[in-house]
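The next block holds one structure in the form of structure tokens; read it before the comments.
The first residue of the sequence shown is numbered 1, and numbering continues consecutively from there. Note that the structure is predicted; figures quoted are calculated from it, not measured.
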Amino acid sequence: ATPRTTRCSSGTVRRDMRAGLRRGGLGDGLRGWGGPRAVGRAAPADGVRGIRRGRPANSPEAGNPYTGSRPTRIVPLSYDRVRIRNFKSLEDVELELGKFNVIVGPNGSGKTSLIEAFVFARLVARPLSSPPYPFAPWWGYENLVHAHDVGRNVEFEVEGKGPNGAPFLYRFSLNGPGGSPVILEEELDVGGPGGVGLRRRGDALEISSGGAPVARWRVTDPRYPVFSATSAVAEASGPDGRSLVLFPRQPLVAEGSSATVPAGEEVLGAFREVYTGLLNDVYVLKFDPVLARSPSLPGAQLGMYGEGLASVLYSEYAAAGAPVIPRGYLSDFLERYGLRLQPFPMESQTISLRIVDAGAQLRMDPPGIPDGYLKVVALFHVLDRRPSLLLVDELENSLHLELLELVISAFRSSATKVVATTHSPMVVDLANPEELVLTVRKGISTIAGRIGDPEELRRRLREAGITLSESWLYGRLGG
């Protein structure tokens with residue numbers, strides 16, 4: 001399997017990266033989308049069967065085939081700002097999210113906590129169990145609350161825009177007395193001051209339009225979010241225009257009838273997307289190659305650690321005859337490296353994955369598949385599904401420099417916002433200064449922030465003749 005990437009000691013690569021930095025781009029020795037194909041990779045041989053790929057995307061523009069002819073689908077939601085309080089080491093951290101965000105810092109500085117905060121928020125807002133227990137991955141509330149202080153409330157707030165540019169805000173404050181989750185406050189606003197709002201304080205849930213209350217419900221179980229309080233959401237037309245209709249879920253809502261909320265067409269569309277998609281369209285990958293190559297049950301979903309990968313590929317691309325992998329990042333990766341996927345059912349009633357190097361006529365069964373290939377297949381499968389937000393922990397693990405550049409190039413060209421943590425100087429050098437989020441630990445709390453003046457930093461790096469990672473490791477980057 002491909003070894004983990006560590007600090008690059010190759011003088012050639014370091015000189016290429018310096019040269020690329022001085023030009024404001026990547027060195028000629030580093031290939032991204034649209035660069036030269038991998039050396040020695042022949043076209044797939046017809047005699048080796050596997051999942052057929054769609055035609056790769058082509059573009060006359062060098063360096064990135066997705067800036068030209070590839071059609072782009074607008075991602076429903078844009079997560080623009082997040083604030084997290086009292087979650088693990090994140091006593092109070094607020095970040096603006098750009099297109100590609102690289103979180104870098106020493107061990108224990110809170111990088112993974114930023115990723116896990118979204119996992120926790122999704123478990124609160126979109127419970128996977130009934131009754132909800134969002135503390136399970138951390139073995140209880142005391143292990144996720146800052147300083148193990150169960151008297152503190154964990155708070156999460158995210159702000160962004162819907163598909164038509166309408167703003168939204170969602171936040172909650174939660175505690176875990178006796179180990180059971182209690183949502184103390186919760187708020188969902190869509191459309192700004194003239195939009196639709198759901199505000200909850202304790203068991204009281206107020207529904208408003210344009211800031212004016214239109215209905216009040218009483219929620220009987222503090223463990224459930226506002227998204228669980230409705231049994232259905234519909235739209236209605238009347239003499240006064242279009243309205244949103246919210247139906248209470250019984251017996252979770254003990255008092256209150258259906259709420260008719262006046263709203264304009266723009267707000268209606270935005271509310272529909274936010275109410276159904278918020279945090280459901282966030283994907284987290286903390287890739288484990290051992291779990292990713294393990295056989296999985298038919299119908300399994302792709303999990304956070306890569307488990308279920310074979311079953312997902314089989315059900316989507318191989319179960320019904322010989323389908324074509326849709327044109328996208330995964331098909332282009334397979335074409336570039338001359339690979340074919342062969343997910344197949346086993347006698348044990350599980351699904352396994354085989355990869356064929358068609359040019360070399362080499363069949364790789366699960367134990368022989370390089371970790372990097374598995375990780376890229378998982379990443380590009382997710383990227384082709386176009387989630388609104390993709391969070392990747394320790395991006396560099398299992399990836400050679402060439403694959404790292406390929407993945408980062410794909411991240412930048414996709415419609416998906418990406419947050420990735422790293423320890424790798426190579427990832428830092430592949431990032432632009434404005435894409436970096438620097439984390440440090442001060443006492444038991446994480447401090448996170450961006451570089452104040454990226455252009456000034458570029459000038460200083462050019463004058464010093466050093467790379468971004470050298471400034472980070474040995475200088476005072478951001479300081």
Nearest non-hydrogen partners of [X] and [Y], listed with the distance:
{"X": "L285", "Y": "G303", "result": "CD1-O, 4.1 Å"}
{"X": "S352", "Y": "A310", "result": "C-CB, 3.6 Å"}
{"X": "F380", "Y": "A410", "result": "CE2-CB, 3.7 Å"}
{"X": "S89", "Y": "T446", "result": "OG-OG1, 2.6 Å"}
{"X": "Y224", "Y": "P132", "result": "CZ-CD, 3.4 Å"}
{"X": "P76", "Y": "E273", "result": "CB-OE1, 3.9 Å"}

Requested in this report: Verify the distance criterion only: is there a donor paired with an acceptor across the side chains of S348 and T350 at less than 3.5 Å?
Outcome: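 Result is yes, a qualifying pair exists.
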
Report task. Would you check if there is a donor-acceptor pair between the side chains of S208 and R199 at a distance under 3.5 Å? Result -> yes

Taking [X] for the side chain and [Y] for the main chain, is one N or O donor matched with an acceptor at less than 3.5 Å?
{"X": "T230", "Y": "P248", "answer": "no"}
{"X": "T416", "Y": "S388", "answer": "no"}
{"X": "N86", "Y": "N153", "answer": "yes"}
{"X": "N175", "Y": "P181", "answer": "no"}
{"X": "K99", "Y": "S414", "answer": "yes"}
{"X": "T220", "Y": "P251", "answer": "yes"}
{"X": "E142", "Y": "V150", "answer": "no"}
{"X": "S129", "Y": "P131", "answer": "yes"}
{"X": "S78", "Y": "D80", "answer": "no"}
{"X": "S311", "Y": "L297", "answer": "yes"}

Report task. Please check if atom CD in Q250 has more than 12 non-hydrogen atoms from other residues, nucleotides or ligands closer than 6.0 Å. Result ->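 Atom CD in Q250 is crowded, with more than 12 foreign heavy atoms closer than 6.0 Å.
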
Query - Pair K88-E116, side chain to side chain contact (heavy atoms under 4.5 Å, CB included): steps then yes or no - result: CA-CA 9 Å; K88 299 182 73 173; E116 291 184 356; 2.7 Å; yes

Query - For Y329, the option from V376, L334, V382, D384 that meets side-chain contact (heavy atoms from CB on, under 4.5 Å) - result: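 Of the listed residues V376, L334, V382, D384, the side-chain contact (heavy atoms from CB on, under 4.5 Å) partner of Y329 is D384.
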
Answer yes or no: is there a side-chain heavy-atom contact under 4.5 Å between [X] and [Y]?
{"X": "N432", "Y": "P454", "value": "no"}
{"X": "E187", "Y": "R201", "value": "yes"}
{"X": "L391", "Y": "V119", "value": "no"}
{"X": "F271", "Y": "L246", "value": "yes"}
{"X": "V182", "Y": "L184", "value": "yes"}
{"X": "V377", "Y": "L313", "value": "yes"}
{"X": "L395", "Y": "I408", "value": "yes"}
{"X": "Y141", "Y": "S180", "value": "no"}

Requested in this report: With sequence neighbours excluded, tell me which residues meet salt bridge (Lys or Arg N to Asp or Glu O under 4.0 Å) with R126.
Outcome: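 Expected list: none.
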
Output the distance between atom [atom1] ([X]) and atom [atom2] ([Y]), rounded to the nearest 0.5 Å.
{"X": "S209", "Y": "L244", "atom1": "OG", "atom2": "CG", "answer": "9.0 Å"}
{"X": "L379", "Y": "L374", "atom1": "CG", "atom2": "CG", "answer": "11.0 Å"}
{"X": "I447", "Y": "L438", "atom1": "CD1", "atom2": "CG", "answer": "12.5 Å"}
{"X": "K375", "Y": "L309", "atom1": "NZ", "atom2": "CG", "answer": "13.0 Å"}
{"X": "R81", "Y": "L97", "atom1": "CZ", "atom2": "CG", "answer": "10.0 Å"}
{"X": "S294", "Y": "I351", "atom1": "OG", "atom2": "CD1", "answer": "14.0 Å"}

Report task. Quick one: do F120 and F135 satisfy side chain to side chain contact (heavy atoms under 4.5 Å, CB included)? Show the steps, please. Result -> CA-CA 8 Å; F120 176 67; F135 311 145; 3.8 Å; yes

Query raised in the report: So, do F344 and Y314 have ring centers that fall under 6.0 Å from each other?
Result: no

Query raised in the report: Is the F118-F156 ring centre distance short of 6.0 angstrom?
Result: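 Judged by ring-centre distance (under 6.0 Å), F118 and F156 do meet the cut-off.
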
Requested in this report: Kindly indicate, with the supporting measurements, whether the criterion salt bridge (charged side-chain N to carboxylate O under 4.0 Å, His left out) is fulfilled by R171 and E185.
Outcome: CA-CA 8 Å; R171 69 178 187 89; E185 295 185 8; 3.5 Å; yes

Tell me which donor-acceptor pairs under 3.5 Å the side chains of residues 256-267 have, and how far apart each pair is, sequence neighbours excluded?
{"unit_1": "E265", "atom_1": "OE1", "unit_2": "R242", "atom_2": "NE", "d": "3.0"}

Query raised in the report: Which one of E155, E94, E91 satisfies the salt bridge (charged side-chain N to carboxylate O under 4.0 Å, His left out) criterion with R85?
Result: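 The option that passes is E155.
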
Can we say [X] and [Y] salt-bridge, meaning some charged N sits less than 4.0 Å from an Asp/Glu carboxylate O?
{"X": "R293", "Y": "D371", "value": "yes"}
{"X": "E435", "Y": "R412", "value": "yes"}
{"X": "E316", "Y": "R385", "value": "yes"}
{"X": "E157", "Y": "R83", "value": "no"}

**Report entry** E434, R450, E96 screened by side-chain hydrogen bond (donor to acceptor under 3.5 Å, both in side chains) with N101, the one that passes
**Finding:**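 Going through the options one by one, the only one that passes is R450.
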
Query raised in the report: Under the side chain to side chain contact (heavy atoms under 4.5 Å, CB included) criterion, do L468 and L436 qualify, and how do the steps go?
Result: CA-CA 10 Å; L468 195 56; L436 296 182; 3.6 Å; yes

Report task. Over 60° means perpendicular and under 30° means parallel, so classify the ring planes of F100 and F411, tilted if in between. Result ->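 Because their plane-to-plane angle lies in the 30° to 60° range, the rings of F411 and F100 count as tilted.
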
Report task. Evaluate the ring planes of F227 and Y275, with Trp represented by its six-membered ring, and classify them as parallel (under 30°), tilted (30 to 60°) or perpendicular (over 60°). Result ->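 F227 and Y275: tilted rings.
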
Query raised in the report: Which residue pairs satisfy the ring-ring contact (aromatic ring centres under 6.0 Å, His included) criterion with at least one member in residues 277-308, sequence neighbours excluded?
Result: none

Report task. Go through the steps for E186 and L188 under the test side chain to side chain contact (heavy atoms under 4.5 Å, CB included), then give the verdict. Result -> CA-CA 7 Å; E186 193 176 13; L188 175 65; over 6 Å; no

